[in-house]
Structure formats: structure tokens, C-alpha cells
Amino acid sequence: MKRALITGITGQDGSYLAELLLDKGYKVYGLRRRTSTPNFENIAHIRNEIEWVSGDLTDLASLILAVRESQPEEVYNLAAQSFVETSWPQPLLTGQITALGVTNMLEAVRLASPDARFYQASSSEMFGKVVETPQKETTPFYPRSPYGVSKVYGHWITVNYRESFDMFACSGILFNHESPRRGIEFVTRKVTDGVARIKLGLQSELRMGNLDAKRDWGFAGDYVKAMWLMLQQEQPDDYVISTNEMHTVRELLEIAFSYVDLNYEDHVVIDPKFFRPAEVDLLLGDCTKAKSQLGWQQEVSFRDMIHMMVNADMVRVEQEMKNKVLTSVI
């Protein structure tokens, strides 16, 4: 039985990855940061199948203890301050977790389990103000947010540990990937949640920023398979994971609203406060290397993913409404 340690296991990617590894017969360890209100919503259905170890990406000593306790053969570092908008008002926190936290995790693995294979969650936000389209593994980085800058550091420190200490360390440069488990603050979930609430009469408008921003969006459940494949190769390397397709936020709105027979133009209001200080106009990945070397393939289309998310939010919001009615009756 292989042993894997996942940081960020309660997030979108962590939950899908944990499911995948459990299905493959792994013993899965989840790194849990001590908080007064832990959130296990994404992994409630598998929570009892996971072994829990305590640790914090800002505390090297705790990470060393976590790695020693779990003795993993594979380590997936998915934890981060991952919301781009938050990285401007909280750049230091973002740097401590999303940048230096990677160093702490790598150092813990180097000291406590040096033969473990390490995966770092890099991001397409590293490309930022893109210098070529589509973006591939050799495209220079030009980050446009504290989050993107922090991810560049995490990416290069992973490469440095691979070359300095002969560690099996990979980075997956994942383009935008979404699902019903995506945080409500991210634009895709903001849209699908808003669609559900408007359809059910709970609100009348959805306030948005730049509708012309273009992104390469895929399904998170597909992307975690690429993470696992990277750590099964003979040699460590870095890979772009994407759909090779680009869609605007406007297209996202059209698909989501039309799915419930609504016109987005009747409900969307442009609000300047949702524009980024430094905009990333477009991101489009070239995943040729991942397809040819890993044998990875996207399975869920953009349209099907948005429909899946709208369905999930409709069910969730309807349940919230029922719960409120029951509470008021009681």
C-alpha cells in the first residue's frame, strides 16, 4: 500500500486527489492546520478514510514531524493562499504561504523522507502578461499579482531542489480548473451560485468585473489525474495542464444563464471594484507535452463543467431555502 501526504486536502483539488488515491489503494494522509472552525465540506464523504497529521506551511518543525509520521512515498503540495484578489491586500501572507511555504515543505521532505516524490501546484497565473500564446513549459513568466509572483517562487524553488538535491520534484503548471467544489469567491462559482439564486428568486442581479478576460478552463477532477501521472514517471519534470481552449467570462455567463433559460444581460451589472489592479487579459495553455509524455487527456468539456456546477448550486441553494423554512417553523 503506497502512502501519500496531501497538503490542502480539504480544498477543491485536494478532495478530488484524495478520492483518486483512495480508489487506487493508497493510504492517504492529510495535513491539517489547527483552526477553531475546520472546514471538511469537500471531503465529508471520505473524511474517515483519511489519516490526519498536524502541520502548517509557515512552520518547518511541524512539517518535519508530519512527514516523519506519515513517511509518504508521494507528497502533493496543494496548500496555498490561492485567491488572486486577496493577494493584493494581503501580499505578505500570500508570500509566506504560497512562496516560502513551498520551501518549508520541500525542506521537510528533504530532511525527513528524501526519497519521496514531490508534486508542487504551480499556476498559469505565473504567465500573467503573456509573452507568447499559447503558453507552454518554456514560456517565460510575467506574473501580474502577488499570488502569481509567489507561485513563480514556489515553482523555481521546486526546480532548484530537484537540481540541487536530486529530489524527484515536479511542478504542474495548471491552468484554471473548476468544479462544484470550487470556493464561492472564484469567478466560476460566483457565476453558477448567482445563477441559482437568481433563478430561485433570491436575488435579481450579479455584479461582475471584466467580462472580456479570457481563460483556459478545465475540470478539476481531470486535472488531479495529471498530478498523479507526473509522480509515476521515471524522471521528474514540469508539465502544463490545460484544455488548449480559451473562453471569455462573457461566454461563461452565457452558458450558465441560458442553461436555466435566463439571459445574462438582464441580470449582470458591471462593477469597477471587481477589476484587478493589474489585469491578466488571456491565458491559453499548450498541454502537448502532458498528452504525449503522460498520456493525459481532458474528459469533461467546458460547457458540461459549467452545467455540472449550475446543477450542484441549484440543489444546494434549494436545500438552503428548505432549511430556512424548517428553521422558521420550528
Side-chain angles (χ1 to χ4, degrees), residues 7-8 10-14 33 35 37 39 56-59 77-105 120-131 133 135 139-158 171-178 181-194 205-217 220 242 246-250 252-253 268-285:
T7 74
T10 59
Q12 170 188 252
D13 292 5
R33 181 169 57 90
T35 63
T37 55
N39 183 0
D56 191 305
L57 288 190
T58 64
D59 179 11
N77 186 42
L78 310 184
Q81 189 302 98
S82 57
F83 189 39
V84 176
E85 185 176 323
T86 298
S87 73
W88 275 285
Q90 298 187 36
L92 296 182
L93 174 67
T94 301
Q96 288 168 354
I97 299 173
T98 308
L100 293 179
V102 184
T103 309
N104 285 334
M105 200 67 225
Q120 165 59 17
S122 289
S123 168
S124 60
E125 286 286 334
M126 300 188 303
F127 296 120
K129 188 176 182 180
V130 299
V131 299
T133 299
Q135 297 86 55
T139 301
F141 300 134
Y142 193 150
R144 296 273 280 172
S145 65
Y147 170 81
V149 172
S150 298
K151 279 293 186 181
V152 169
Y153 177 94
H155 178 86
W156 282 117
I157 198 65
T158 302
S171 283
I173 307 173
L174 272 57
F175 279 64
N176 296 62
H177 48 289
E178 317 297 328
R181 300 178 191 177
R182 175 57 98 182
I184 202 73
E185 68 274 16
F186 289 84
V187 68
T188 48
R189 272 300 307 289
K190 177 180 178 178
V191 168
T192 59
D193 174 74
E205 66 179 34
L206 179 63
R207 306 187 77 83
M208 299 290 294
N210 180 12
L211 303 191
D212 296 318
K214 300 175 181 178
R215 293 293 185 272
D216 184 329
W217 274 297
S242 65
M246 192 162 53
H247 303 273
T248 63
V249 176
R250 195 181 306 276
L252 163 63
L253 290 165
V268 172
V269 176
I270 303 301
D271 190 333
K273 77 176 183 180
F274 293 115
F275 283 76
R276 292 183 177 187
E279 186 59 75
V280 174
D281 296 317
L282 66 89
L283 293 171
L284 175 63

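This one's a predicted model, so the numbers in the text were calculated from it and none came from an experiment.
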Could you tell me whether the side chain of K151 and the main chain of A121 form a donor-acceptor pair under 3.5 Å? yes

How long is the straight-line distance from CG of D193 back to CD1 of I184, given to the nearest 0.5 Å? 3.5 Å

Do the side chain of R182 and the main chain of H177 share a donor and acceptor less than 3.5 angstrom apart? yes

Does some side-chain heavy atom of S124 sit less than 4.5 Å from a side-chain heavy atom of N176? yes

Could you give the distance from CZ (F175) to CE (M246), rounded to the nearest 0.5 Å? 10.5 Å

Please check: side-chain N/O of D216 versus main-chain N/O of G285, any donor-acceptor pairing under 3.5 Å? yes

Answer yes or no: is there an ion pair linking K190 with E85, defined by an N-O contact shorter than 4.0 Å? no

Quick check: closest heavy atoms across V249 and M208, and the distance to 0.1 Å? CG1-CE, 3.7 Å

Would the distance check show the side chain of Q120 and the main-chain N or O of I157 forming a donor-acceptor pair, the cut-off being under 3.5 Å? no

V102 to N77 - nearest heavy-atom pair and separation: CG2-ND2, 3.9 Å

How about T86 and Y147: do any of their side-chain heavy atoms sit closer than 4.5 Å? no

Does any N or O in the side chain of T98 come within less than 3.5 Å of the main-chain N or O of Q81, such that one atom is a donor and the other an acceptor? yes

If you define the side chain from C-beta out and look only at heavy atoms, does anything of F186 sit under 4.5 Å from Q12? no

Taking all non-hydrogen atoms of both residues, which atom of V131 and which atom of P140 are closest, and how far apart? CG2-CD, 3.6 Å

T158 side, atom OG1; M105 side, atom CE - distance, nearest 0.5 Å: 11.5 Å

Any donor-acceptor N/O pair, R33 side chain to D56 backbone, under 3.5 Å: no

Could you give me the CA-CA distance, side-chain angles and deciding distance for F274 and V187, then say whether side-chain contact (heavy atoms from CB on, under 4.5 Å) is met? CA-CA 10 Å; F274 293 115; V187 68; over 6 Å; no

Should the heavy atoms of other residues, nucleotides or ligands under 6.0 Å from OH of Y142 be counted, would the total exceed 12? no

Counting C-beta onward and ignoring hydrogens, is there a side-chain heavy-atom pair between L206 and L253 closer than 4.5 Å? yes

Rounded to the nearest 0.5 Å, how far apart are OG1 of T7 and CD1 of I97? 11.0 Å

Ignoring hydrogens, what is the shortest heavy-atom contact between W217 and T248? Give both atom names and the distance. CZ3-O, 3.8 Å

So, taking the atom named CG in L284 and the one named CZ in F127, what distance separates them when rounded to the nearest 0.5 Å? 10.5 Å

Distance from T133 atom OG1 to K214 atom NZ, nearest 0.5 Å? 9.5 Å

Locate the shortest heavy-atom distance separating E125 from L283; write the atom from each residue and the value. OE2-CD1, 4.1 Å

Would you find a donor on one side and an acceptor on the other, under 3.5 Å apart, between the side chain of N104 and the backbone of L57? yes

Heavy-atom closest pair (S150 atom, G95 atom, distance to 0.1 Å) is OG-CA, 3.5 Å

Check this for me, if you would: do R250 and D212 make a salt bridge, where the nitrogen-to-carboxylate-oxygen distance has to be below 4.0 angstrom? yes

pair L211-I270: side-chain heavy atoms closer than 4.5 Å: yes

